[in-house]
Amino acid sequence: MSMKKSTFDAVIVGGGAAGLFAAVQASARGRRILLLEKNSRCGKKLLITGKGRCNVTNACTAEEALKNIPRNGRFLYSAMAAFPPEAAMAFFEQGGCPLKVERGNRVFPVSDRSADVLNVLERALQRGGVERRQTTVTGLSIADGAINGVLTSDGPVACSTVLLCTGGASYPLTGSTGDGYRLAEQAGHTIQPPCGSLVPLVSPDEACAEMQGLSLRNTGVQLRDEKGKTVYQDFGELLFTHFGVSGPTVLSASAHLKPGKSYSLVLDLKPALDEGKLDARFLRDLEAYANRSMENALADLFPHSMIPVLLRRAGIDPALRANSLTRQQRRALLEETKRFVIPISGTRPVEEAIITRGGVSTKEIDPRTMASKLVHGLYFAGELIDCDAYTGGFNLQIAWATAHAAAQVL
């Protein structure tokens, strides 16, 4: 297909976090940028991240950030070193969005409004003279191993440089419907099969539904594989749901699930107490409530909806008087408290995931520039690349860092 000469230095496909940031960075270098987005507005997913507060990044070093990227973190070494979390924080603060650091070094706007983060990017786009069009990109035009244009629902656009920032397959209502995978495949790239990461886990254990809505704050969480090996451990919040479990610790644990393998979550419900101290606490409460039923005697130690589950698992009649509990029964209760096992049968659908695991193979991308090793003039950034991290702002940091790397050479 013949293409007329482009009036743009680069075309960026996708107006999410990575696409917007790359457009800002490239236009600041004086590059003429065309941003193509199929939605009527940009940054739809950015607006809902962090429950509408937008966890911009994590206030840690580049090295610490990489430790929180279990999948292909080494690929990001150069990009993260060139644009670490402190650079992302400086960009947004200098752009007029004051930030604050919360538990786990999570960084949010002081206003708790994700719109303020998007506004910084919008203002920078205007300053850079970035042209935007609402259209759907249907294909890439490639000749002699090099990009020479993009095909859109409104006709072809000539260009010699294209940056794909189309996101993954999570939150499809925001426009992340896997378009980029098809475009990358068309260019000859290998796509690691996309699946949900940072996604709630499904359990066949009916106790989860029984405790639906119960949120535990300070809980030790271990994800163990079928051989009993701990593949991930964490400490923090967990939520029981009608289908299984969710919450920050569970979402991060989900990043370690491998297809076709079985797992279980092992919870320490009282991580601040070792077994000796916990047993002493049991004895104290049992003495204080000696004439009460076990169901009532544990009210100071456990949430109301969890007590029947614990007692059932430990083989203790809820109506049993506290002063009748045997030493063996107390031991069984202690075991359940320190090692509360939840079998995991899988994850919720990718549509419910915060991010997508999988995407364009990192082996086919230059880690310094995000350039395709297969097609001259083709670049990738953000969630489309096969890299994903834990919760805490690390996935947005990947978007900023990869977009920055690509923008330096567009």
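A cation-pi contact links Arg53 to Phe108, judged by a cut-off of 6.0 Å to the six-membered ring centre and 45° from its axis.
At a threshold of 4.0 Å, the pair Arg182-Glu185 does not count as salt-bridged, since none of the basic side-chain nitrogens sits closer than that to a carboxylate oxygen. Taking a cutoff of 4.0 Å between a charged side-chain nitrogen and a carboxylate oxygen, Asp386 and Lys363 do not qualify as a salt bridge. Lys338 and Asp274 are not joined by a salt bridge, as no carboxylate oxygen comes within less than 4.0 angstrom of a charged side-chain nitrogen. At a threshold of 4.0 Å, the pair Arg103-Glu237 counts as salt-bridged, since one of the basic side-chain nitrogens sits closer than that to a carboxylate oxygen. Of the charged side-chain nitrogens involved, none lies within less than 4.0 Å of a carboxylate oxygen, so that Lys258 and Asp225 do not count as a salt-bridged pair. Under 4.0 Å is where a charged nitrogen must lie from a carboxylate oxygen, and between Arg133 and Asp154 no such pair does. Looking at Lys270 and Glu275, no side-chain N of the basic residue comes within less than 4.0 Å of a carboxylate O on the acidic one, giving no salt bridge. Look at Glu335 and Arg331 and you find a salt bridge, because one of the NZ, NE, NH1 or NH2 atoms lies within 4.0 Å of a carboxylate O, short of that distance.
Distance SG/Cys387 to CD1/Ile365: 7.5 Å, rounded to 0.5 Å. In this structure, CG on Leu99 lies 4.0 Å from CD on Glu93, to the nearest 0.5 angstrom. Separation of atoms CG (Leu34) and CD (Glu131) is listed at 5.5 Å; rounding is to 0.5 Å. Between the CG atom in Leu310 and the CG atom in Leu269 there is a gap of 6.0 Å [rounded to 0.5 Å]. Here Thr138 contributes atom OG1 and Leu183 contributes atom CG; the two are 8.0 Å apart, rounded to the nearest 0.5 Å. Atom-to-atom distance recorded for Leu164:CG and Leu140:CG is 5.5 Å, nearest 0.5 angstrom.
Other residues, nucleotides and ligands contribute more than 12 heavy atoms inside 6.0 Å of the CZ atom of Arg339. Residue His256 places its NE2 atom among more than 12 non-hydrogen atoms of other residues, nucleotides or ligands, all under 6.0 Å distant. For Glu102, the CD atom sits in a packed shell: over 12 heavy atoms of surrounding residues, nucleotides or ligands are nearer than 6.0 Å. Surrounding CD of Glu226 are more than 12 heavy atoms belonging to other residues, nucleotides or ligands, all under 6.0 Å away. Annotation for Lys100: atom NZ counts as buried by contact number, over 12 foreign heavy atoms lying within 6.0 Å.
Of all the heavy atoms in Asn148 and Ile142, the pair that sits closest is OD1-N, 3.9 Å. Heavy atoms only, all atoms of each residue included: Leu251 and Pro200 are closest at CD2-N, 3.6 Å. Nearest approach of Ser254 to Arg357, heavy atoms of both residues: O-NH2, 2.7 Å. When all heavy atoms are compared, the tightest approach of Gly104 to Asn58 is O-ND2, 2.9 Å. Minimum interatomic distance between Leu216 and Pro303 (heavy atoms only, all atoms of both residues): CD2-CG, 4.0 Å. Between Ala255 and Pro70, the shortest heavy-atom contact is CB-CG, 4.3 Å.
Ser264 places no side-chain N or O within 3.5 Å of a backbone atom of Val341 that could act as its donor or acceptor partner. With hydrogens and angles disregarded, no donor-acceptor distance shorter than 3.5 Å links the side chain of Gln192 to the backbone of Gly358. Checking side-chain atoms of Trp400 against main-chain N and O of Asn395 turns up no donor-acceptor pair under 3.5 Å. In terms of modelled atom types and a separation under 3.5 Å, the side chain of Arg217 and the main chain of Gly236 share no donor-acceptor contact. Put simply, the side chain of Ser27 gets close to the backbone of Val24: a donor and an acceptor are under 3.5 Å apart.
At a threshold of 4.5 Å between non-hydrogen side-chain atoms, the residues Phe240 and Cys208 count as touching. Considering only heavy atoms from C-beta on, Asp279 comes within 4.5 Å of Arg330 through its side chain. Taking 4.5 Å as the limit, some side-chain heavy atom of Met294 sits within range of a side-chain heavy atom of Leu298. With a 4.5 Å cut-off on side-chain heavy atoms, Phe235 and Thr219 do not count as touching. Counting heavy atoms from C-beta outward, Leu396 and Asn55 have side chains that stay 4.5 Å or more apart. Contact of the Ile147 side chain with the Ser160 side chain is not registered, since no non-hydrogen atoms from C-beta on lie closer than 4.5 Å. Between Leu325 and Leu320, the closest side-chain pair of non-hydrogen atoms falls below 4.5 Å. Between Leu265 and Val250, the closest side-chain pair of non-hydrogen atoms falls below 4.5 Å.
Ring centers of His189 and Phe380: under 6.0 Å apart, within the cut-off. For an aromatic pair to be called close, the ring centres must be under 6.0 Å apart, and His404 with Phe91 fails this.
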Evaluate the side chain to side chain contact (heavy atoms under 4.5 Å, CB included) criterion for residues Leu118 and Arg113: first the C-alpha distance (whole Å), next the side-chain angles of each, then the deciding distance (0.1 Å), finally the verdict.
-> CA-CA 9 Å; Leu118 184 55; Arg113 292 179 68 249; over 6 Å; no

From CA spacing to verdict: side chain to side chain contact (heavy atoms under 4.5 Å, CB included), Tyr263, Leu201 = CA-CA 10 Å; Tyr263 296 87; Leu201 299 179; over 6 Å; no

Are Asn323 and Tyr289 close enough, and set up right, to give a side-chain hydrogen bond (donor to acceptor under 3.5 Å, both in side chains), and what steps lead you there?
-> CA-CA 8 Å; Asn323 57 12; Tyr289 303 118; over 6 Å; no

Steps toward side-chain hydrogen bond (donor to acceptor under 3.5 Å, both in side chains) verdict (Thr61, Glu64) | CA-CA 5 Å; Thr61 63; Glu64 278 298 311; 5.2 Å; no

Take Tyr181 and Asp179 through the side-chain hydrogen bond (donor to acceptor under 3.5 Å, both in side chains) test and state the conclusion after the steps.
-> CA-CA 6 Å; Tyr181 303 139; Asp179 301 352; over 6 Å; no

Criterion side chain to side chain contact (heavy atoms under 4.5 Å, CB included) on Val309 and Arg312, from CA distance to verdict | CA-CA 5 Å; Val309 175; Arg312 186 171 65 243; 4.0 Å; yes

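Under the 3.5 Å distance criterion, with hydrogens and angles disregarded, a donor-acceptor pair is assigned to the side chains of Thr190 and Glu364. Under the 3.5 Å distance criterion, with hydrogens and angles disregarded, a donor-acceptor pair is assigned to the side chains of Arg106 and Thr391. Defined by atom type and a distance below 3.5 Å, a donor-acceptor pair is present between the side-chain atoms of Asp116 and Ser111. For the residue pair Thr135 and Ser153, a side-chain donor N or O sits within less than 3.5 Å of a side-chain acceptor on the partner. Side-chain polar atoms of Gln212 and Thr241 form no donor-acceptor pair below 3.5 angstrom.
In this structure, Arg41 has no side chain to side chain donor-acceptor pair (under 3.5 Å) partners at least two apart in sequence or on a different chain. Judged as a salt bridge (Lys or Arg N to Asp or Glu O under 4.0 Å), and not counting sequence neighbours, the contacts of Arg348 are Glu352.
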In a table with atom names and distances, give each donor-acceptor pair under 3.5 Å that connects a side chain of residues 73-86 to protein atoms at least two apart or in another chain.
none

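With Pro109 as reference, Cys97 is the one residue of Pro98, Ser114, Cys97 to meet the side chain to side chain contact (heavy atoms under 4.5 Å, CB included) rule.
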